[in-house]
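Here's a structure for you.
All values derive from a computational prediction rather than experimental measurement.
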Amino acid sequence: MSKHSSGSVRLSDGFFKQNLVLMSGLFAGPVIGGATSFEGSLVLCLVFTVVSFVSVGLCRLLSKKIAFAIRVVIYALIASLVYIPVMLLAGFLFGESLPESMALYLLIVITNPLILSKTESRFFLRPVHMMFKDLLGFVLGFDFSCILVGAIRDILADNIIGNLIIPIPFQIPSMDRVYSGFILVGVLAGLFRFIYNKQRKRKRPKRSSVQASANRK
């Protein structure tokens, strides 16, 4: 039995330890190119969240008797079908112009690793309720990273986030460029990993002290 099929599910695995953007970097591209503003990041989060949850749920229903190579193609087709109504929803909520301007990066969501790789290697090895909890951790981790990047870029470029003015004494208009996204995500990834490693080191002494006391007994 795989280690993923038993034991409890921790949201922190997908949110921190295997964050798709700031830890593994498996799906940083859409954030770098698409989350150029706070509102743009919300559009990306909406599309990523709904497409991932609905697609993984539908893909779970496929028979395991179908060859793996064919199943992966079907996963992508299912995600493509789910993507269409989600884009209509995004256009209704945010106006058609914004999702259309991000279409290239939103379309990449169809091939995100939660659908094409982690379904087989992780999610489908768990009971359904645990699968969706595990998936939630990864989705929240991506959404957090996306909103953080979009908010910072808005603040640095225009000193504003949503309708809130942020009074900082400088602006960096080029923050909406792709190269600025690479730099920002790289800096945030380094900071995120530093914080994560710090937290791990704090937990180790506690575990070692508990083990030592247990050995004494």
Side-chain angles (χ1 to χ4, degrees), residues 11-12 14-16 19-55 79 82-112 114-115 132-133 135-196:
L11 293 178
S12 60
F15 192 96
F16 290 109
N19 187 289
L20 293 175
V21 179
L22 301 180
M23 287 295 282
S24 67
L26 286 175
F27 208 57
V31 175
I32 292 170
T36 57
S37 66
F38 179 69
E39 192 172 25
S41 70
L42 295 180
V43 174
L44 183 53
C45 287
L46 171 67
V47 175
F48 179 85
T49 299
V50 179
V51 169
S52 295
F53 268 105
V54 177
S55 298
V82 174
Y83 174 81
I84 297 171
V86 175
M87 279 296 287
L88 294 175
L89 175 61
F92 174 76
L93 294 176
F94 297 95
E96 293 183 3
S97 59
L98 182 58
E100 286 179 0
S101 68
M102 301 170 56
L104 174 62
Y105 301 103
L106 295 175
L107 193 59
I108 301 175
V109 168
I110 294 171
T111 60
N112 85 69
L114 299 186
I115 300 172
F132 280 112
K133 182 179 178 181
L135 175 61
L136 177 62
F138 283 90
V139 169
L140 290 176
F142 176 88
D143 289 350
F144 166 78
S145 306
C146 186
I147 291 173
L148 179 63
V149 170
I152 292 176
R153 291 171 94 166
D154 242 4
I155 292 171
L156 294 179
D158 300 313
N159 298 164
I160 190 171
I161 177 172
N163 295 320
L164 179 64
I165 297 175
I166 309 296
I168 58 176
F170 63 90
Q171 289 182 324
I172 308 176
S174 61
M175 283 306 297
D176 62 348
R177 307 297 184 189
V178 173
Y179 65 82
S180 296
F182 270 108
I183 296 172
L184 178 59
V185 169
V187 171
L188 291 176
L191 180 62
F192 197 79
R193 291 173 186 175
F194 174 78
I195 294 173
Y196 175 76

Discussion item. Would Asn19 and Ser145 count as a side chain to side chain contact (heavy atoms under 4.5 Å, CB included) here? Give the steps.
Written reply: CA-CA 8 Å; Asn19 187 289; Ser145 306; 3.1 Å; yes

Worksheet item: Can you name the closest pair of heavy atoms from Met175 and Ala157 and give their distance?
Response: CB-CB, 4.0 Å

Item to complete: Look at atom CD1 of Ile165 and say whether more than 12 heavy atoms of other residues, nucleotides or ligands are closer to it than 6.0 Å.
Response: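 At most 12 heavy atoms, drawn from other residues, nucleotides or ligands, come within 6.0 Å of this atom.
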
Worksheet item: Does Asp158 use its side chain to pair, donor to acceptor, with the backbone of Ile160 at less than 3.5 Å?
Response: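 It does not hold such a pair.
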
Fill in: Leu46/Phe94 under side chain to side chain contact (heavy atoms under 4.5 Å, CB included): CA gap, chis, key distance, verdict
CA-CA 11 Å; Leu46 171 67; Phe94 297 95; 4.0 Å; yes

Worksheet item: Cys45 and Thr49: which non-hydrogen atoms are nearest, and at how many Å?
Response: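 Between these two residues, the closest heavy atoms are O-OG1, 2.7 Å.
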
Discussion item. Is there a side-chain contact between Ile115 and Val51 in this structure, where contact means two heavy atoms from C-beta onward sitting under 4.5 Å apart?
Written reply: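 Heavy-atom side-chain distance check passes, below 4.5 Å.
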
Practice prompt. Any chance you could measure Ile147, atom CD1, to Ile152, atom CD1, to the nearest 0.5 Å?
Written response: 12.0 Å

Discussion item. For Gly181 versus Ile32, what's the shortest heavy-atom pair and its separation?
Written reply: C-CG2, 3.8 Å

Discussion item. As an exercise, state the distance from CZ of Phe15 to CG of Leu20, rounded to the nearest 0.5 Å.
Written reply: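 Phe15 CZ to Leu20 CG: 11.5 Å, rounded to 0.5 Å.
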
Fill in: Minimal non-hydrogen separation, Ser174 against Tyr179, with atom names
CB-OH, 3.3 Å

Worksheet item: Does Ser37 reach the main-chain N or O of Gly150 with its side chain, forming a donor-acceptor pair under 3.5 Å?
Response: no

Fill in: Residue pair Val21, Cys146: steps toward the side chain to side chain contact (heavy atoms under 4.5 Å, CB included) verdict
CA-CA 8 Å; Val21 179; Cys146 186; over 6 Å; no

Discussion item. Tell me whether the count of non-hydrogen atoms from other residues, nucleotides or ligands lying under 6.0 Å of CD in Glu96 goes above 12.
Written reply: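 Result for CD/Glu96: open.
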
Worksheet item: Do Phe27 and Ile108 come within less than 4.5 Å of each other through their side chains, counting heavy atoms only?
Response: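 Of all side-chain heavy-atom pairs linking Ile108 with Phe27, at least one is under 4.5 Å.
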
Practice prompt. List the steps, then state whether side chain to side chain contact (heavy atoms under 4.5 Å, CB included) holds for Tyr105 with Thr36.
Written response: CA-CA 11 Å; Tyr105 301 103; Thr36 57; over 6 Å; no

Discussion item. Consider side chain to side chain contact (heavy atoms under 4.5 Å, CB included). Of Val86, Val139, Val109, which one does Val50 pass it with?
Written reply: Val86

Item to complete: State, to 0.1 Å, how close Leu136 and Phe53 come at their nearest heavy-atom pair, and which atoms those are.
Response: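 For Leu136 versus Phe53, the nearest heavy atoms are CA-CZ, 3.7 Å.
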
Worksheet, complete the sentence: Of all heavy-atom pairs linking Ala151 and Phe38, the shortest is CB-CD1, 4.0 Å

